[in-house]
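Below, chain A is the first sequence line, B the second, and so on; all start at residue 1. Just so it is clear, the values below take in all heavy atoms, side chains as well, and ignore hydrogens, waters and symmetry mates.
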Amino acid sequence: MLEIQRIRQEKEAILLALAKRNIDANQTLDTILQTDQNWRMAKTQLDQVAAEMNQLARSIGELFKSGQQSEANALKEKTTVLKTQEADLKEQVSTLENKLQQLLYTLPNIPNEAVVQGRDAEDNQNVFEAGSIPQFSFTAQPHWDLAKKFKLIDFELGVKVTGAGFPFYRGKGARLQRALIQFFLDEAIAAGYEEFISPHMVNEASGYGTGQLPDKEGQMYYVQEDDFYLIPTAEVPLTNIYRDVILPDANFSIKMCGYTPCFRREAGSYGKDVRGLNRLHQFDKVEIVRIEHPDNSAKALDEMIDHVKNLLEKLELPYRILRLCGGDMGFASAMTYDFEVYSAAQEKWLEVSSVSRFDTFQSNRLKLRFKDDKKTTLCHTLNGSALALPRILASLLENHQTENGIQIPKALQAYTGFSVIN
RNA sequence: GGUGGGAUGGGUGAGUGGCUGAAACCAACAGUUUGCUAAACUGUCGUACGGGUAACUGUACCGCGAGUUCGAAUCUCGCUCCCACCGCCA
């Protein structure tokens with residue numbers, strides 16, 4: 001959520017920045033500013049009336065105490081008019097406040113200067129590539145065939161027990177999965193992130209805090225009976241640890257990580273790239289989250305990128321990094337780097353990580369601030385996948401397949417306990 | 001699920017209608033004292049929004065929402081959450 005003060009002061013700049021998302025926010029911003037102005041006017045009036053009421057009430061109290069009944073009663077009469085005025089103004093103020101809040105909630109974050117305008121994934125900038133794409137002397141198989149052949153994943157069983165997009169991992173597939181989680185967590189911990197095991201369901205306030213609500217309402221699984229949402233990413237519980245928190249000084253750098261399953265309804269995306277592990281309703285992910293001083297968030301983002309790079313290199317996977325264009329960025333993000341791994345058998349790039357800075361967009365919703373001298377200032381938040389499992393698994397299977405089975409990368413072998421799947 | 005208790009500032013906790021934005025203590029911060037540390041003493045010490053260049057000032061907030069009243073942390077109603085015990089379950 002953008003700060004209203006900022007919209008007041010830098011409307012033009014915001015407009016320009018939002019244009020990178022292909023959004024013409026001119027009208028929305030005008031409505032916001034108009035509503036804000038009306039709100040302020042009503043608020044000022046309300047404050048004045050309230051001050052008058054307080055004054056009167058005090059006088060009446062004193063009169064009663066000194067036994068001046070009739071004078072007190074006379075003053076009482078005066079309050080009736082003020083009371084209706086106050087009620088009126090209160091109504092106005094809260095209506096305007098709600099309206100403003102709604103407007104602000106639906107406005108996405110403004111992209112960083114480095115982000116280019118663009119419509120969709122086509123316009124993303126390729127900023128880095130590493131690793132070599134394997135050449136096979138045989139016909140490479142896609143992971144869903146390999147998974148079946150080696151009994152690693154059972155999609156049909158998942159359909160039977162739950163539904164599409166909820167696979168079973170079994171045997172070496174399950175162990176590989178667990179090994180990856182452990183590997184990712186160990187790497188994150190070594191990089192200074194504190195591990196958390198978090199709830200897998202969150203309340204509504206948390207959904208709003210990180211921006212999933214109201215924007216992605218229909219994309220989360222919802223437990224009506226208790227009003228809980230199944231988390232779509234560990235970002236939600238981890239970042240919300242710091243909802244309504246004021247850090248005592250400006251000297252902080254909070255690094256958290258956590259493994260959780262992630263639940264996504266993926267409504268509307270049926271039929272597209274959903275084969276095998278490419279898109280699931282439940283998947284596993286290790287997330288890294290940072291809360292930083294505004295001056296430090298650019299550096300933090302770089303560190304996170306290096307961290308993910310390092311993971312992919314240890315897994316010996318060819319990958320590239322894209323800086324997302326305005327149109328392809330998430331609602332809350334100011335700048336996002338996507339990591340894509342090349343899948344040799346599918347012959348396409350698969351997104352395995354998304355690393356973003358949110359600047360003050362989340363912290364403004366979260367009311368996450370720090371004290372700087374006397375002032376309270378909004379923190380910056382960042383997060384990234386490090387990493388999401390299914391497509392990593394898919395590309396491990398596809399890229400590391402040989403005629404004698406699937407080779408496990410060295411760095412993982414200590415975790416799996418086996419070096420080949422055959 | 002049943003019964004009972006509770007929700008006040010960073011923490012503990014007082015406060016049953018006006019003098020309470022809120023005692024006291026602890027923590028924190030600044031200073032004085034001190035050979036150092038400690039102790040002692042003094043002061044500061046919530047958040048948000050509005051107005052003002054500023055000093056400052058107004059308003060709101062004692063879980064949330066309504067209500068009673070000239071006036072509510074305090075009274076009434078509804079809700080939420082927490083704790084304890086019992087039951088059930090892992």
Side-chain angles (χ1 to χ4, degrees), chain A residues 1-9 32-105 197 199-209 213 222-229 237 240-252 254 291 360-379:
Chain A
M1 183 164 70
L2 299 178
E3 297 113 286
I4 184 69
Q5 298 89 329
R6 209 159 152 203
I7 299 179
R8 283 183 205 143
Q9 286 158 17
I32 287 174
L33 288 173
Q34 190 58 52
T35 309
D36 176 53
Q37 191 152 43
N38 293 343
W39 173 76
R40 279 197 282 173
M41 266 167 52
K43 167 83 167 132
T44 306
Q45 283 177 40
L46 174 62
D47 283 357
Q48 280 165 1
V49 172
E52 228 175 302
M53 290 271 290
N54 288 343
Q55 189 56 46
L56 270 177
R58 228 165 289 150
S59 312
I60 291 169
E62 275 161 33
L63 287 173
F64 271 126
K65 215 181 279 176
S66 59
Q68 297 169 269
Q69 295 279 342
S70 54
E71 285 88 341
N73 284 324
L75 274 189
K76 266 202 205 179
E77 309 238 322
K78 280 179 83 175
T79 61
T80 32
V81 184
L82 285 174
K83 255 192 157 176
T84 50
Q85 264 185 43
E86 192 189 28
D88 261 17
L89 286 166
K90 258 190 189 159
E91 175 83 37
Q92 273 184 49
V93 167
S94 81
T95 307
L96 288 167
E97 228 162 49
N98 286 337
K99 187 178 169 193
L100 191 60
Q101 188 67 224
Q102 286 313 309
L103 285 165
L104 288 173
Y105 267 144
I197 296 178
H200 297 169
M201 296 187 209
V202 293
N203 56 29
E204 191 183 34
S206 295
Y208 273 94
L213 292 175
Y222 175 59
V223 182
Q224 191 164 30
E225 206 166 14
D226 293 297
D227 204 13
F228 290 148
Y229 293 87
N240 271 283
I241 291 172
Y242 286 90
R243 172 154 47 83
D244 291 319
V245 167
I246 300 178
L247 300 168
D249 57 67
N251 188 19
F252 64 92
I254 296 163
I291 293 164
T360 58
F361 192 83
Q362 289 185 326
S363 60
N364 191 29
R365 292 173 167 232
L366 291 160
K367 300 206 168 53
L368 162 56
R369 293 156 289 177
F370 65 94
K371 267 219 199 299
D372 199 359
D373 283 326
K374 287 272 173 191
K375 277 178 53 188
T376 59
T377 307
L378 292 170
C379 301

Per-residue pairing states of RNA chain B in dot-bracket (Watson-Crick or G-U under 3.5 Å; . unpaired, | other strand) read ((((((((.[[[..)..(.....]]].(((((.......))))).((((((....)))))).[[[[[..)....]]]]])))))))....
Quickly work out the Q45(A) CD to rA60(B) C1' distance and round it to whole Å. 17 Å
RNA chain B: 5'-proximal contact among E52(A) and D226(A) (nearest heavy atom): E52(A)
Tightest non-hydrogen contact, residues L89(A) and Q45(A), listed as CD2-OE1, 3.6 Å
What is the separation between atom CG on D47(A) and atom P on rA60(B), rounded to the nearest whole Å? 7 Å
In whole angstrom, give me the gap between the P atoms of rG31(B) and rA22(B). 27 Å
In whole angstroms, the gap separating P of rG50(B) from CD of Q37(A) amounts to 12 Å
Scan nucleotides 70-74 of chain B against the protein and return all N/O pairs shorter than 3.5 Å with their distances rounded to 0.1 Å.
unit_1  : atom_1 : unit_2 : atom_2 : d
rG71(B) : OP2    : K83(A) : NZ     : 3.4

Write down the distance separating the P atoms in rU80(B) and rC88(B), rounded off to the nearest Å. 26 Å
Taking the side chain as C-beta and beyond, is there a heavy-atom pair between R8(A) and R40(A) under 4.5 Å? yes
Same-atom distance (C1') from rA38(B) to rG4(B), integer angstrom: 47 Å
Mind checking if N54(A) touches a base, just sugar-phosphate, or nothing, with heavy atoms under 4.0 Å? sugar-phosphate
Rounded to the nearest 0.5 Å, the OG1 atom of T360(A) sits from the CZ atom of R369(A) at a distance of 12.5 Å
If I pick the P atom on rG1(B) and the same atom on rG51(B), what distance separates them, to the nearest angstrom? 48 Å
Is any side-chain heavy atom of E86(A) less than 4.5 Å from a side-chain heavy atom of L82(A)? no
If I take atom CG in residue L89(A) and atom C1' in nucleotide rC49(B), what distance separates them, rounded to the nearest angstrom? 16 Å
In whole angstrom, give me the gap between the P atoms of rG5(B) and rA24(B). 31 Å
Give the C-alpha distance, both sets of side-chain angles, the deciding distance and a yes or no for side chain to side chain donor-acceptor pair (under 3.5 Å) between S206(A) and N203(A). CA-CA 6 Å; S206(A) 295; N203(A) 56 29; 3.1 Å; yes
Which one of T95(A), I4(A), V93(A), N98(A) satisfies the side-chain contact (heavy atoms from CB on, under 4.5 Å) criterion with W39(A)? V93(A)
Write down the atom of L213(A), the atom of R365(A), and the distance for their closest heavy-atom approach. O-NH1, 3.0 Å
The side chain of R369(A) is closest to which nucleotide in this list: rA48(B), rU59(B), rG50(B)? rA48(B)
Pairwise distance CG(L96(A)) to CD(Q34(A)) - rounded to 0.5 angstrom: 10.0 Å
What does L46(A) touch in the nucleic acid at a heavy-atom separation under 4.0 angstrom: a base, only the sugar-phosphate, or nothing? nothing
Return the CD to NZ distance between E97(A) and K90(A), rounded to the nearest 0.5 Å. 12.0 Å
What one should report as the nearest heavy-atom pair of L104(A) and I32(A) is CD2-CD1, 4.1 Å
Could you tell me the separation between the CG atom of D249(A) and the P atom of rG10(B), rounded to a whole number of Å? 16 Å
Just to be sure I understand the rule, does T376(A) reach a base, reach only the sugar-phosphate, or reach nothing, if contact means heavy atoms closer than 4.0 Å? sugar-phosphate
Looking at every strand, decide which applies to Q55(A) at a 4.0 Å heavy-atom threshold: base, sugar-phosphate, or nothing. nothing
Rounded to whole Å, please give me the gap between CG in D244(A) and P in rG63(B). 15 Å
Is it the case that the side chain of S363(A) and the backbone of L378(A) share a donor-acceptor pair, with hydrogens and angles ignored and the cut-off at 3.5 Å? no
rA48(B) P sits how many Å from Q101(A) CD, rounded? 15 Å
From CG of L100(A) across to P of rC49(B) the rounded distance in Å is 12 Å
If I pick the P atom on rC64(B) and the same atom on rG11(B), what distance separates them, to the nearest angstrom? 15 Å
More than 12 non-hydrogen atoms from neighbouring residues, nucleotides or ligands closer than 6.0 Å to CG on N251(A), yes or no? no
Distances under 3.5 Å between protein N/O atoms and the N/O atoms of nucleotides 51-57 of chain B, please, pair by pair.
unit_1  : atom_1 : unit_2 : atom_2 : d
rG51(B) : OP1    : R40(A) : NH1    : 3.2

Under a 3.5 Å distance rule, please check whether T79(A) uses its side chain to pair with a backbone N or O of L75(A) as donor and acceptor. no
Provide the distance between the two P atoms, one in rG78(B) and one in rU3(B), to the nearest whole Å. 15 Å
Atom C1', compared across rA73(B) and rG9(B): separation rounded to whole Å: 12 Å
